[in-house]
Amino acid sequence: MAEKITPREVDYSQWYIDIVLNAKLADYSPVKGSMVIRPRGYAIWENIRDEFDRRFKETGHENAYFPLLIPMSFLEKEAEHVEGFAPELAVVTHGGGEKLEEPYCIRPTSETIIWSMYRNWIQSWRDLPLLINQWANVMRWEKRTRLFLRTSEFLWQEGHTAHETEQDAREETLRMLEVYRDVVERHLAVPVIPGIKSESEKFAGAVETYTIEAMMQDRKALQAGTSHFLGQNFAKAFDVKFQNRQGELEYVWATSWGVSTRLVGAVIMTHSDDKGLVLPPTLSPESAVIIPIYRNDSKAAVLEFSNRLQQDLKSQGFRVILDSDDSNSPGWKFAEWEMRGTPVRIEIGPRDMQSGQVIMVRRDSGEKIAVPVQEAGARLKMLHEEIQHALYARAKTFRDEHTVPVSSFDDLIAFFGAESAGTAEAKGGFAESLWCGSAACEATLKEKTKATLRCMPLDRQHGIAGHCAICGAPARHRAIFARNY
RNA sequence: CGGGACGUAGCCUAGGGGCUAAGGCGUCUGCUUUGGGAGCAGAAGAUCGGAGGUUCGAAUCCUCUCGUCCCGACCA
């Protein structure tokens with residue numbers, strides 16, 4: 001495991017792949033387009049998943065599980081939905097050695113099968129709201145895949161809720177968007193912009209799609225989560241009516257929302273450096289690694305000292321690894337654990353032992369701090385908090401530095417770089433521009449610069465006055481344009 | 001799905017019709033070391049991505065195919 005990681009400046013894509021493979025987060029699989037999530041990558045996902053799960057339950061949702069296979073006819077009940085997903089479906093045509101009368105598709109998302117059940121479960125306003133979440137795998141036959149960011153099969157959660165009123169459903173849509181924003185910013189330390197998608201970028205079957213958009217280190221945008229207001233589209237498609245408080249039959253109002261293993265990719269791309277993975281302490285499988293440094297004559301004492309510290313920290317609730325493997329030098333271990341992304345390294349040598357201290361080294365900054373051994377637990381906790389905040393602050397500063405108000409088409413082209421249009425060359429960032437609302441303008445910009453409308457930030461729609469940066473017509477929205485993953 | 005590049009040991013690379021496929025890193029054994037990817041000695045590890053063809057002979061030439069990366073189209 002002595003391979004060097006390709007520096008970001010040389011090849012950002014290769015850098016990302018090098019980190020994923022060298023930190024043993026995932027591996028390519030024999031199945032085209034699907035990856036194997038290795039234990040270290042899965043542990044990070046579990047830490048993300050557990051926090052979301054806690055927050056979903058806190059907001060009144062329950063987990064359930066629906067089938068992997070969906071009758072093809074279900075997809076076809078919602079016109080926009082099938083049109084959006086048909087090109088990326090995997091279809092099962094045979095079972096038990098016989099051709100199936102009706103083919104199944106492997107779920108690309110579960111609105112249809114879930115709403116086919118909601119039809120039976122909802123009769124009265126007393127049955128509402130129905131707040132269900134599912135942790136599952138889904139499959140979308142992607143033509144071009146990237147580890148974690150876009151694979152044919154991926155893990156996610158999908159919330160599917162049913163409500164009495166449009167108001168309730170709209171509130172739920174925004175409530176869950178806010179849960180996403182909060183968890184991604186605080187737990188993953190990835191700053192995001194909550195906003196609404198344009199018509200051309202919204203979910204197939206939704207009335208409105210809300211999103212949280214993050215900026216990666218190559219200044220491209222990554223959609224980190226979406227929350228959809230589905231109106232009565234699926235209720236109508238599956239004929240789900242309830243008797244309201246006035247005794248009238250009415251279609252149910254719906255939302256759906258999801259985040260996926262793509263978030264692992266977002267964390268990697270946001271925080272890591274040329275030495276390897278950098279993880280927020282909240283997500284790291286281990287709190288710290290102790291690396292003992294000794295000569296033959298000091299080995300026993302240093303190991304004993306290290307062992308005591310490990311036990312002490314463990315008893316305080318930290319997950320601490322003692323790397324006492326004799327076959328690797330300390331230098332090797334430093335590099336190795338840096339590549340794995342462990343937030344804090346604790347060095348213990350004879351000199352430290354004599355002075356009753358240890359050296360704590362921050363993964364994010366490389367800063368070395370001498371800590372009296374009695375204070376190790378308290379300082380480790382403090383360091384974790386500092387690192388968590390520093391990672392978020394650094395990412396936010398980076399994003400803000402590359403978020404620029406742009407008011408004319410010429411400036412947009414200059415910002416994204418006309419000469420780099422049609423290439424993956426990193427240029428630009430987030431262009432914050434006024435927009436008239438027309439899909440034609442989005443298409444024009446995309447054709448010239450590859451940049452798309454990522455979202456209209458929720459908190460920046462007030463006082464819109466001016467002209468669309470693309471066509472010059474009176475503006476109706478403020479939007480973020482960027483190249484994206 | 002279109003264009004390009006590339007598949008030789010776990011990883012990187014050499015060899016582009018001819019003897020037993022070469023080297024570096026890593027791995028294993030032993031000794032020696034240990035404050036930023038240590039040293040010495042020895043060992044294991046390859047049907048050259050796969051299939052078919054041309055040839056006396058194929059890692060090498062041809063055809064097909066699979067995979068990875070990049071670009072494009074498509075897209076949660």
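Proteins get letters first, then strands, A, B, ... in listed order; numbering begins at 1 in each. This one's a predicted model, so the numbers in the text were calculated from it and none came from an experiment.
The residue A:F203 sits apart from the nucleic acid: no heavy atom pair falls under 4.0 Å. In this structure, A:P330 reaches the bases: a heavy-atom distance under 4.0 Å links it to at least one base atom across the strands shown. Using a 4.0 Å heavy-atom criterion, one finds that A:R146 contacts the sugar-phosphate atoms exclusively. Across all strands shown, A:A224 has heavy atoms under 4.0 Å from base atoms, whether or not it also approaches the sugar-phosphate. Within the nucleic acid shown, A:D11 has no heavy atom closer than 4.0 Å to any nucleic acid atom. Here A:E158 lies out of heavy-atom contact (under 4.0 Å) with every strand. A:P108 comes within 4.0 angstrom of nothing in the nucleic acid, heavy atoms only.
Listed candidates were B:U68, B:U33, B:A38. Nearest to the side chain of A:Y28 is B:U68. Of the candidate nucleotides B:C74, B:U34, B:G35, B:U34 has the atom lying nearest to any side-chain atom of A:Y294. Set against B:G37, B:G35, B:C74, the side chain of A:W332 has B:G37 as its closest nucleotide. Distances from the side chain of A:E336 to the nucleotides B:G35, B:G37, B:C74 place B:G37 closest. Residue A:S13 has its side chain nearest to B:C70 when only B:C75, B:C71, B:C70 are considered. Picking from B:A38, B:U34, B:G36 the nucleotide with the shortest atom distance to the side chain of A:R295 gives B:U34. Among the nucleotides B:U33, B:A38, B:C75, the one closest to any side-chain atom of A:D326 is B:U33.
Glycosidic conformation of B:G16: syn, with the torsion inside 90° of 0.
Annotated stems with RNA chain B as a participant read B:1-7 with B:66-72, B:10-13 with B:22-25, B:27-31 with B:39-43, B:49-53 with B:61-65, given as range with range, by first number; only runs of 3 or more Watson-Crick or G-U pairs under 3.5 Å qualify.
Between A:Q14 atom CD and B:A5 atom P the separation is 18 Å, expressed in whole Å. Atom P of nucleotide B:U34 and atom CG of A:D352 are separated by 16 Å, given to the nearest angstrom. The distance from atom CD of A:Q357 to atom C1' of B:G35 is 12 Å, rounded to the nearest whole Å. We find that CD1 of A:I5 is positioned 12 Å from C1' of B:G37, with the value rounded to whole Å. Here the P atom of nucleotide B:C31 and the CG atom of A:N296 are 12 Å apart, to the nearest Å. Look at CG on A:D323: it is 16 Å from P on B:G37, rounded to the nearest Å. Rounded to whole angstrom, the span from the NZ atom of A:K143 across to the P atom of B:U68 amounts to 15 Å. In this structure, CZ of A:R483 is placed 13 Å from C1' of B:C71, rounded to the nearest angstrom.
Distance check on atom P: B:U29 versus B:C12 gives 25 Å, rounded to whole Å. One P atom belongs to B:A46, the other to B:U32, and the distance between them is 32 Å to the nearest Å.
If you find the closest nucleotide of RNA chain B to A:V361 and to A:W156, the one lying nearer the 5' end belongs to A:V361. Closest-nucleotide positions on RNA chain B for A:E347 and A:I17 were compared, and the one nearer the 5' end corresponds to A:E347.
Between A:K143 and A:E88 no salt bridge is recorded (no basic side-chain N to carboxylate O distance below 4.0 Å). Of the charged side-chain nitrogens involved, none lies within less than 4.0 Å of a carboxylate oxygen, so that A:K446 and A:E442 do not count as a salt-bridged pair. Look at A:R186 and A:E51 and you find no salt bridge, because none of the NZ, NE, NH1 or NH2 atoms lies under 4.0 Å from a carboxylate O. With respect to the salt-bridge test (charged N to carboxylate O, under 4.0 angstrom), the residues A:R340 and A:E286 do not qualify.
Between the side chain of A:R483 and the main chain of A:T449, a donor-acceptor pair closer than 3.5 Å is present.
Taking the six-membered ring where the residue is Trp, the centroids of A:H81 and A:F203 are separated by under 6.0 Å. When ring centroids are compared, A:W257 and A:F56 come within the 6.0 Å threshold. You'll find the ring centres of A:Y180 and A:Y210 outside the 6.0 Å limit.
In this structure, A:R345 is positioned above the aromatic face of A:F334, its NZ or CZ under 6.0 Å from the six-membered ring centre and within 45° of the axis.
Side-chain N/O atoms of A:R144 and base N/O atoms of B:C75 include no donor-acceptor pair closer than 3.5 Å. Counting distance only, with no hydrogens placed and no angle test, the side-chain atoms of A:R345 and the base atoms of B:G36 include a donor-acceptor pair under 3.5 Å.
A sub-4.0 Å separation between OP1 or OP2 of B:A73 and a side-chain N or O of A:K446 is absent.
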